[in-house]
Amino acid sequence: MGTVLMEFTHERLEDLCSQVQSVAKQAGNFILSERQAFSSNKIEVKGHNDFVSYVDKGAEKLIVKGLKEVLPIAGFITEEGTEKRDDNPLKWVIDPLDGTTNFIHGMPFFAVSIALLQGKEPILGVVYEINQDEMFTAVKGGGAFMNGSLITVSKAATVKDSLLGTGFPYYDYHLLDEYLELFKHLMQHSHGIRRPGSAATDLAYVACGRFDGFYEYSLSPWDVAAGILLVKEAGGVVSNFDGGDDAIFTKEIIATNQEIYEEFFALLRRFMK
Ligand code: IPD
Ligand code: CA
Ligand code: CA
């Protein structure tokens with residue numbers, strides 16, 4: 001039994017997880033209610049193709065307030081900077097609205113993503129995809145769930161038989177040519193590629209078997225921390241582009257079912273490294 005389980009019993013993690021779901025749902029309700037009246041003059045530009053609004057910031061404030069009550073000793077890494085207490089080994093990693101570009105254009109697929117990290121390891125993960133009202137949850141060692149039902153990764157045996165998710169490069173183009181070479185190959189040698197626009201949701205979809213694999217580069221910890229635990233707890237494999245299992249802080253991620261991981265990783269190395 002590892003340190004994590006000695007400090008948090010399974011029951012304690014389950015209890016924390018159900019409280020985190022309430023916080024995520026509350027933020028989701030806020031986001032959805034603001035969507036109705038949202039107008040484009042509320043959009044702020046953080047960087048090239050990087051947008052934010054009072055909705056992301058408001059949702060983050062709600063989440064931080066809620067999580068402080070759930071576990072006062074934990075620190076935070078938050079996308080919008082509501083709290084900066086990232087020197088604590090135990091910390092929440094929060095993306096209050098993953099899929100902001102979808103949100104501002106009125107497209108579906110946006111989610112709340114909350115993970116609890118111990119050191120570099122996620123021990124609790126919640127991804128709430130708001131439009132479908134799908135709550136994806138996992139605690140370390142306890143399996144992965146969608147709206148309370150156990151989920152597992154797919155059984156697709158080859159990339160040729162796989163539906164893949166990805167995120168297109170939209171501000172960091174240093175691997176664009178390599179990315180497009182891999183993309184060209186996968187277009188011709190898979191069931192297809194989708195770009196939903198929310199990395200947290202993409203990972204949740206690998207966890208529940210809708211996607212057989214997902215890959216993207218230039219992601220941040222808040223995009224992937226919760227989703228990584230979902231995929232692992234659902235029986236999948238996650239790595240960075242070097243094959244190392246730390247994909248939270250390395251900006252590059254591959255997440256697949258067990259069966260296609262080796263084949264997919266070899267393709268990634270062939271085209272992108
Ligand atoms: C983005 C989404 C998108 C991914 C981007 C992320 P945001 O998060 O997850 O799918 O391609 O890299 O930054 O900005 O909407 O929270
Ligand atoms: Ca994000
Ligand atoms: Ca976000």
Side-chain angles (χ1 to χ4, degrees), residues 23-24 27-28 30-32 34-35 38 40 42-64 76-83 92-115 122 125-132 136 164-176 179-180 182-183 193-207 210-211 213-228 230-231 238 240-241 247-255:
V23 172
F30 166 73
I31 291 167
L32 203 55
E34 294 305 319
R35 177 54 237 155
F38 191 76
S40 53
K42 299 287 192 323
I43 300 167
E44 298 163 45
V45 180
K46 286 199 284 188
H48 177 65
N49 286 336
D50 190 8
F51 308 108
V52 70
S53 79
Y54 74 94
V55 180
D56 307 59
K57 294 175 189 172
E60 188 169 285
K61 286 201 173 71
L62 276 176
I63 295 167
V64 166
F76 287 92
I77 296 178
T78 69
E79 179 175 15
E80 309 308 341
T82 303
E83 277 279 342
W92 298 107
V93 182
I94 301 165
D95 191 334
L97 174 46
D98 184 55
T100 294
T101 302
N102 281 346
F103 175 86
I104 64 182
H105 288 275
M107 293 283 289
F109 296 118
F110 41 85
V112 175
S113 177
I114 302 172
V126 168
V127 172
Y128 178 50
E129 202 290 314
I130 299 165
N131 284 289
Q132 304 294 323
F136 295 89
L164 303 165
T166 189
F168 300 147
Y170 64 97
Y171 74 98
D172 174 359
Y173 305 114
H174 81 284
L175 283 175
L176 182 58
Y179 178 90
L180 289 173
L182 175 61
F183 195 73
I193 313 171
R194 301 287 181 268
R195 199 287 193 239
S198 159
T201 306
D202 295 328
L203 288 164
Y205 281 14
V206 174
R210 291 175 185 159
F211 281 150
F214 166 72
Y215 64 106
E216 183 166 352
Y217 74 88
S218 282
L219 288 169
S220 297
W222 45 79
D223 299 313
V224 296
I228 285 173
L230 291 173
V231 173
V238 179
N240 57 40
F241 287 4
I248 296 184
F249 294 96
T250 54
K251 293 187 155 281
E252 303 169 336
I253 190 166
I254 316 169

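Ligands are counted one by one from 1 in listed order, and the atoms in each one are counted from 1 as well. When a residue number appears, it is its place in the shown sequence, counting from 1.
For the pair T100 and ligand 1, the shortest N or O to N or O distance falls below 3.5 Å. Among the atoms of D95, some N or O lies under 3.5 angstrom from an N or O of ligand 1. At under 3.5 Å, a nitrogen or oxygen of G197, whether backbone or side chain, sits near a nitrogen or oxygen of ligand 1.
Using a 4.5 Å cut-off on side-chain heavy atoms (C-beta onward), F214 and Y205 make no contact. Under the 4.5 Å side-chain criterion, counting only non-hydrogen atoms from C-beta, T101 is not in contact with D50. Inter-residue side-chain proximity for P196 and T201 is flagged as unmet; no heavy-atom pair is nearer than 4.5 Å.
In this structure, E34 does not pair ionically with K42, as no charged nitrogen and carboxylate oxygen lie closer than 4.0 Å. A salt bridge between K46 and E79 is present, with a side-chain N of the basic residue lying under 4.0 Å from a carboxylate O of the acidic one.
Checked against a 6.0 Å centroid threshold, the rings of Y179 and Y215 count as neighbours.
Each protein N, O or S atom less than 3.0 Å from the Ca ion (ligand 2) was counted, giving 3.
At a heavy-atom cutoff of 4.0 Å, ligand 1 is contacted by the side chain of L219 but not by its backbone. At a heavy-atom cutoff of 4.0 Å, ligand 1 is contacted by both the backbone and the side chain of A199.
Atom CD1 in I43 sits 11.0 Å away from atom OH in Y54 (nearest 0.5 Å). Taking OG from S113 and CD from E129, the interatomic distance works out to 12.0 Å, rounded to the nearest 0.5 Å.
Taking 4.0 Å as the cut-off, L97 counts as a neighbour of ligand 1 on heavy-atom distance. Ligand 1 is approached by Y170 to a heavy-atom distance shorter than 4.0 Å.
Pairing each heavy atom of G58 with each of F30, the nearest pair is C-CE2, 3.8 Å.
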| field | Derivation and outcome, ring pair (Phe, Tyr, Trp, His ring centres under 6.0 Å), residues H48 and Y170 | value | CA-CA 8 Å; H48 177 65; Y170 64 97; 8.1 Å; no
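Of the options E79, E216, R195, E80, the smallest heavy-atom separation from atom 12 (O) of ligand 1 is shown by E216. The nearest non-hydrogen atom to atom 9 (O) of ligand 1, considering only D98, D202, T101, comes from D98.
Note that R35 lies in the cation-pi zone of F103, set by a 6.0 Å cut-off to the ring centre and a 45° limit from the axis.
Each of the following atoms of ligand 1 lies closer than 4.0 Å to a heavy atom of G99: 7 (P), 15 (O), 16 (O).
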